[in-house]
Each structure stands twice: as C-alpha cells, then as structure tokens.
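Everything below concerns the one structure shown next.
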Amino acid sequence: MQPHPIHSTQHFIPSNTMDLPVLFLLLSLSFSFPLSSLSLDTIHEGTSLSIEKSEDILISPDGVFSAGFYSVGDNAYCYAIWFNKPSHGKIQTVIWMANRDHPVNGRSSKLSLLKTGNLILSDAGKFTVWATNTQSLSSVHLYLYNTGNLVLQNMEGLTLWESFDFPTDTLLPQQLLTRNTRLVSSRSQTNYSSGFYKLFFDNNNLLRLLYDSLEDSSLYWPDPWIVRYTDNNSRIAVLDTFGNFSSSDDFTFMAADYGPKLHRRLRIDYDGDVRLYSWDEEGQTWLVSWQAIQSPCKIYGICGANSFCSYIVGSDRKCSCLPGYKMKNLTDWSDGCEPEFHLSCNGNESGFLMLPRVQFIGYDYEKWSNSTFDECKNLCLQRCDCKAFHHTFFREDRYSSCYAKMRLRNGYRSPDFQGGLYLRLPESNLFSYANSVQDFTLVCSSNRTRNKRSQPENGIVKFMLWFACGVGGLEIICIFLIWCLLSRTQQASSVDKQGYLVAVTGFRRFTYAELKKATKDFNEEIGRGAGGIVYKGVLPDNRVAAIKCINESNQGEGEFLAEVSIIGRINHINLIEMWGYCTEGKHRLLVYEYMENGTLAQNLSSHALDWKKRFDIALGTAKGLAYLHEECLEWVLHCDVKPHNILLDSNYQPKVADFGLSKLQNRNLEKASFSRIRGTRGYMAPEWVFNLPITSKVDVYSYGIVVLEMVTGKGPTKGVHAIDSGGETEPKRLVAWVREKRNEAAAMTSWLEEIVDPILESSYEKGKMETLITVALQCVEEEKDARPSMGQVAEMLLRQEDDSHSDDHGINL
Ligand SMILES: *[C@@H]1O[C@H](CO)[C@@H](O)[C@H](O)[C@H]1NC(C)=O
Ligand SMILES: *[C@@H]1O[C@H](CO)[C@@H](O)[C@H](O)[C@H]1NC(C)=O
Ligand SMILES: *[C@@H]1O[C@H](CO)[C@@H](O)[C@H](O)[C@H]1NC(C)=O
Ligand SMILES: *[C@@H]1O[C@H](CO)[C@@H](O)[C@H](O)[C@H]1NC(C)=O
Ligand SMILES: *[C@@H]1O[C@H](CO)[C@@H](O)[C@H](O)[C@H]1NC(C)=O
Ligand SMILES: *[C@@H]1O[C@H](CO)[C@@H](O)[C@H](O)[C@H]1NC(C)=O
Ligand SMILES: *[C@@H]1O[C@H](CO)[C@@H](O)[C@H](O)[C@H]1NC(C)=O
C-alpha cells in the first residue's frame, strides 16, 4: 500500500496567476530538480500525469500533502491525496481519493487536464473512470494547497472544482461539511472502497451517523432515542485548526488537546466511529483526540446479522455468532452469521434459548404491550419468520414489554440490559446448542482489570482515557474496568418447563417438589429477612443447603433468571456460593451453601468470637465486598451489609450473603436511583436518607458500622450509655461515641479499653485494634468521598496483618 516514491515535484500552474511565494518555491524547485516530462506551458495545451512516471506527483508548497497515484492493491491504483509523513514510519495517511470504488490499472492510466477544462482519470488509457466535468474557455491549472485542498482554477483565479467539495472519509481543518457532502467510511482497514458508514446532515438538518448496507439502513448516532431538534437549516459543519468542531445543528466538540497543532484530521473510520486525530510530531504518529462513540458495540452493523457484539478485556470488542448460527464469511464479520438449522413453520418444533443481557435493536414486528411471557412466546411462535423475542418485566411499573424479532441485527451484550434474548431454535437440539456456547458466560476473573487502566497499550488508548476522564466519556473507563469476560465450557443445563433453556446456568435448576422434599416441607427455618425466609435442607446429593424463598414473586421470570445467572457466577471465598435456583409459577427460590456457624449477628454476643476471629471476619468481609464492587461486576452493590448477612463457616471464616438480590446496579452510578430503599436502620448510609446518588460507598458505610459493632460489642442504635443522646440521631450514636473516645486519646491512654468489647478482655493486639477502629471510622464518614473503597479497606487491614506477623510487638496480655 505504498504510494510511488517521491522524486521530484511538478506544479500545473500558469505563471500569470501564481502568487509570489509560490513562484519562488517553484523557481527554487526547478533549479534543484531538472524538469523532466512536464513544463509549465503544457497547461495551456492540456497535459497529463502518468501512472508510470513516479515523479508525476503534486506536492503542496509546504511539503505536507502530495497528490498522485496511490496503490490500493494488486496492480490497482487510485488518484489520491495523502500526508507525506508516514505514520509510524510506514503507512502514508490518505485523506482523499478520486476513484475509490474504481481503481485503475498500473499501466497506461493517467490523469489528464484537457484543453476544455475537464480533469479526467482514464484507466489503461481507454476508459474514463472519473472526471470533474468542468469546462473553461480560458486555460486552467491544478494546484495542491497547503490545506490539502486540490483545486482546479482558471486564469481569472476562479475555482472550477476543488477536492474539499468531494470528501471521501476525511474532513480537514477549514473544510466544510455541507448539505451536499458526506463522509463515507472505507470498507476495511486495507480496502479503501466505500464502506457502510456515513456522516451527513439528515433531512431535519441534524448531523447524523448512518449505517447503510444492502440489508440494513439505520441511524446510530447520536443515540437514536435522543430527541434533537434544530431551527438552523444551513447544514454546515467545520473543524478549525485548533480542534474546535462546530456544526449548524449546535453540535460542537473540542479536541482533548485543543490548541495550536500542526495537523489535524477528522475521519469516519471503517469501524463506524468518527475520530479526530492530531499529529504527534514526537512519536511520528496520529493520536485520537476525540471520538464520537465510546462504546464500540453501539455502532450498528459491526457484527452483521445473527451475531452480537460484546466487550472483552484487553481489546475493544468482539463479535460472536448466536448459538445455532455460523459465520457466513470467515474473513468478514460484517456479513454476519447464517443458521445451521432448518426450522419448519410449525411452532411445535421450536424451543427457546435464553441469552442473558443480549439485546438486538430494530426489526420488531410490533411492540406488544403488557403481555405475559407466555403470550409473548406464543406471538413469536405464531409467526413463521419470528427469530427471537425480548420479554422484559418492569417491576416498578408493573408493566411488561414484548418485542418479537423478524431479523436479528445490531445485537450487543451489555450489563445495562434487564432480561435477555429468547432465541428460537429447533427444540430437539436445544441442549447441544446450549452446550456449544462458549462465549456467553459472564464470569468474574480473578485478574484485576483495574490495572489495565494504568498501562495503556499505546498513545491512542492513553488519549482516549485522558479524554474520557475529562469530558464525561466515562463509558470507556467503565468498559475497561467492568468487563471481565472469560469463556467457559458449559455444564449441562436443564430445559425449562416453559420451553426455553438458559444458556448460562452452570449451576442447577431445581424443581419446587425437589426443594420441598429437601426442606421436609419447609419446616426448619434458619433465618428470616425482608427478602424472604431461609430454610435448612438436604439436597438429593446429600449436600446441606440453605434455601431461601423469595417473598416478592412479581418479578418477571426472564429478569429473575438473568439476575440469578449472574449471581450464580460470582465466585469468591468470602461470598456465599449459590448452587441453584427454582422458578415455578409464583415460586422463586435460591439454593445456597449452608453455613454451620450461622450469622455474625448470632455470634456477636457469644464468647466463641475471640479477637483473631473478629479481625479475620473484618478482613474477609472487606475482601468479599471489594470483590463485588471492584474486581469484576462493579455494578453489584450489596446495599444491605449487616451482621445478619455475614455468615460464618465451620472455621468462622466470613461469607457475605444476600448480595445481588436488590438490583444489579446500573453502570452509570451517578444516575442510579433506587426507588425502594433497601437496607437496615442503623447500618444505612446518610445517602439513603438524603436521597443522594447511591454508590458502592453505601456498603462501605454499613461495613464500618458492622466493624464498630464487632469491636465494641454494642449495636449501632442501642447499648451505648456513655453519652447523652440529646441531639444525635439514633444511628449515629455508636459512631459518635467511638469518635469521642478516640479524640480523648491524647489525654487518656486507655481509650481502647473503654470501647472494646469487655468479652475480649485485653487479649487483643493494640496496634491492630487501633488500625481496625481507625479504618472503621473512616468508613462511616458522612461524606461519601471521604470513605475509602472496600479494596482500600482490605489493603489497609492486610498490611496490618503482615506487619503483625513480621514483628510481634503489640500483643497485650
Ligand atoms: C474491497 O471491497 C469491495 C466491496 O466489498 C470489494 O468489491 C473489493 O473487491 C475489495 N477490494 C479488495 C482489494 O479487497
Ligand atoms: C468553537 O467554535 C464555535 C463556533 O464557531 C464558537 O462559538 C466557540 O466559541 C469556539 N470555541 C472556542 C473555544 O474557540
Ligand atoms: C446557523 O449555523 C451557522 C453555522 O454554524 C451560523 O453561522 C448561523 O448564524 C446559524 N443561523 C441561525 C439562524 O442561528
Ligand atoms: C469475504 O469477505 C472478503 C472481504 O470483504 C471478500 O473479499 C471475499 O470475497 C468474501 N468471501 C466470500 C466467500 O464472500
Ligand atoms: C406438530 O404439529 C404437526 C401438525 O400440526 C403434527 O403433525 C405433528 O405430529 C406435531 N409434532 C409434535 C412433535 O407434536
Ligand atoms: C399490566 O398487566 C398487569 C397484570 O396483567 C396489570 O396489573 C397492570 O396494571 C398492567 N399495566 C398496565 C400499564 O396496563
Ligand atoms: C491473569 O491473566 C493472565 C493473562 O491474561 C493469565 O495468564 C493469568 O493466568 C491470569 N491469572 C489468573 C489468576 O487468572
């Protein structure tokens, strides 16, 4: 893909219209390079640039741009303008092409400026593949300006034609995007022909991005559901040299490196994103200083039909065929996937496979409002060409939606989606399809994805992150932080009575009868909370389990399954393990491992919990919560951390229970709002009360209270007699009391003794205890930003642990 080497410079310029500096430049060039085939006077007679003469190249006066024949493949050339400086020393960046869809032969092709004033590109000396269709009575000349604009002018200096009016995929500074022009992406990174993505002004005078292929044509930027409106019908957009882009529909943006820069260019890339690049002189490469779309999966058409896009760590995104489908063209995802099965119209052969959190956009027959899952399924079955459906139940509004899909395009997987896609497949093969799926599981990886942020792989990533931090494009960071996707082989799944199979269930689905038997008709109650009652039971395989019956039964089945399948995959030594679930009719049950020593609440007042156990519980709980918040599924907040939800195994190791049941946290934490307060009085952070945004710091607050309770042996709202309860609100009592005692520390050396649970007597390590209390007090700061993260808490406690192992000074016997 190299252009011809540049040996010499030629300008088609009649001397009488030249301005002085150009004349000087030409003169100096003429002296340094002997003029070969061309001379200035040939302009008047009509002249050509030949593909075979490598010196037939126009160069802008400042040497930045060249125009000439550019190789686009095997003996195929396009007349192009490119940046002379190669990026990374390799590829020259093409900014314009005359004949991108009709490359010419490497022999006898030429660009000719006819006497009539027409500029034509002829292929192999015969066919005209491209022309400006200009005419002029006076003589004309072609000139490449420093801006990168190739201009055809007549003697009077009138512009007959300019490349700026016919952009391909790139907009240069000062080049106008107008009602008559549009940017069209390349087909691929190496194929310069017209691709599927377009940037243009639509009929409503709005600047839009369109995916436009033979099969599909849809707008994808700005987000189709964002309603925009403009009065201004001038339809003009322009980028200035400083990196300020503004469009007549009031859309504006500024480059992350706004300011004077040598070179910038805006391009609609072959992947459908629009990026602003700036030239990095030091690294001799282009850096991204703005991009339109932060979540690449939101770009339509990226994965073709019957395929969906998902984010993976360490790379932008990937495409996967739906189960039962295979890639159409192994080298090109945009062709999508095709079914491997044949389904007859007869509904009784169809089954459904549920793919959690996968959504396909568009191509609905119609939206059926408020239909039940079964109604929705039957609506799909009645249509011969219904490929799948989405059914979602919105608990708050007691309302459900049903979308049946006649085509599966623009699919992507996101944690934002409630529910999932019910994919129609031959019932007889449902099992094998479910088992063949390698890519569906959302598994927590023990690798800290966080590190990825501090080690950007290249300048582009660095720039994008820099930009994302600055200009609210938080999504990019979220993608880097949140997504931990590992493929994992599927264990056998069971077919649902309703006729679909859950692709992700690595754990078991139980029948209600099985659980009824396991719990001996639900007779041994071991716990009771807002969410439901927990019973002890023995599973058919003799494992002892805790079985929770969820009170609230109006949750849609699809939603329940989607949540359960994610909770079921969260796996950490300090989090309770879920073994399975049951959903039948109104029954919703969860099956957990059973913990011999019950809850922390039951143990607090017993002598069983010595100092070491208490510290270990504090540390383990912090690790479990940190895992929930940070290591993988950041949007899982617990929201109800309290001693009743911390279970103790036979070694008194803590396991946090009851997480993920409230709601899988919306990724956009700032906007998240819980309509229903979950939590327990005494452990609830002030944000709940003041209706502030709920973030992972609510769990940190509750954790702090739990630790203080463990250390003092006093409940958060009662049992503290030492202070006057005058103006304090109840939940603050314990915290205030501990703070007060600690602040007296300067005067009284025995503050620890005063607050520490008398049961512990003095068998604790003083230094470690002080750290624990200090950390707990930080956790219960009123201001959420002053609280550490759960990960930081775990780290502080771990450091303490290490210290006390290395020097054993603090034991106070
Ligand atoms: C580029 O893509 C077009 C459209 O798909 C195709 O017709 C053409 O053969 C491709 N060119 C090369 C060099 O692959
Ligand atoms: C960017 O351009 C717009 C429109 O020309 C202008 O209103 C705005 O002030 C410019 N911003 C800066 C920082 O120059
Ligand atoms: C429309 O937009 C153009 C370009 O941004 C601007 O020059 C013009 O003043 C605008 N017209 C109105 C009526 O706002
Ligand atoms: C697959 O896609 C490539 C790139 O677009 C194209 O060159 C090739 O002809 C396609 N193959 C088939 C079998 O369609
Ligand atoms: C499906 O329906 C067809 C006709 O409605 C019937 O002939 C066939 O036996 C049915 N198959 C099954 C497995 O029920
Ligand atoms: C939807 O249906 C449910 C149950 O059939 C009903 O309770 C609810 O009011 C309906 N909601 C709307 C908005 O019609
Ligand atoms: C972390 O990721 C690296 C590379 O992806 C892998 O080699 C390593 O085994 C992973 N570590 C764990 C604990 O999974």
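All ligand and atom numbering here is 1-based and tracks the order in the structure. Everything quoted here is computed from the prediction, not taken from an experiment.
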- prompt: What do you think, any protein heavy atom under 4.0 angstrom from atom 5 (O) of ligand 2?
  reply: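 Yes, at least one protein heavy atom sits under 4.0 Å from atom 5 (O) of ligand 2.
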
- Query: Is there a protein heavy atom less than 4.0 Å away from atom 9 (O) of ligand 2?
  - Reply: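 It does not: no protein heavy atom is found less than 4.0 Å away from atom 9 (O) of ligand 2.
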
| For ligand 2, which atoms have a heavy atom of Tyr258 less than 4.0 angstrom away? |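 So the atoms of ligand 2 that pass are 12 (C), 13 (C), 14 (O).
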
What atoms in ligand 2 come closer than 4.0 Å to a heavy atom of Met254?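 Close to Met254: 13 (C).
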
Using a 4.0 Å cutoff against the non-hydrogen atoms of Asn329, which atoms of ligand 4 qualify?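 So the answer, numbered in order with elements, is 1 (C), 2 (O), 3 (C), 8 (C), 10 (C), 11 (N), 12 (C), 14 (O).
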
Requested in this report: Can you sort out which atoms of ligand 4 are near Thr331, meaning under 4.0 Å from one of its heavy atoms?
Outcome: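 Taking each heavy atom of Thr331 in turn, ligand 4 has 1 (C), 2 (O), 3 (C) under 4.0 Å.
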
Point to revise | Tyr300 six-ring face occupied by Arg409 cation (under 6.0 Å, within 45°) | key: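 That pair does not qualify as a cation-pi contact.
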
If you measure SG to SG, does Cys309 sit under 2.5 Å from Cys303?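 Answer is no: Cys303 does not pair with Cys309 in a disulfide.
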
Looking at [X] versus [Y], is the centre-to-centre ring distance below 6.0 Å?
{"X": "Phe83", "Y": "Trp286", "result": "yes"}
{"X": "Tyr197", "Y": "Trp221", "result": "no"}
{"X": "Phe196", "Y": "Tyr211", "result": "yes"}

Checklist entry - Relative to the heavy atoms of Ser193, which atoms of ligand 1 are at a distance of less than 4.0 Å? => result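 Contacts of ligand 1 toward Ser193, numbered from 1: 1 (C), 2 (O), 3 (C).
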
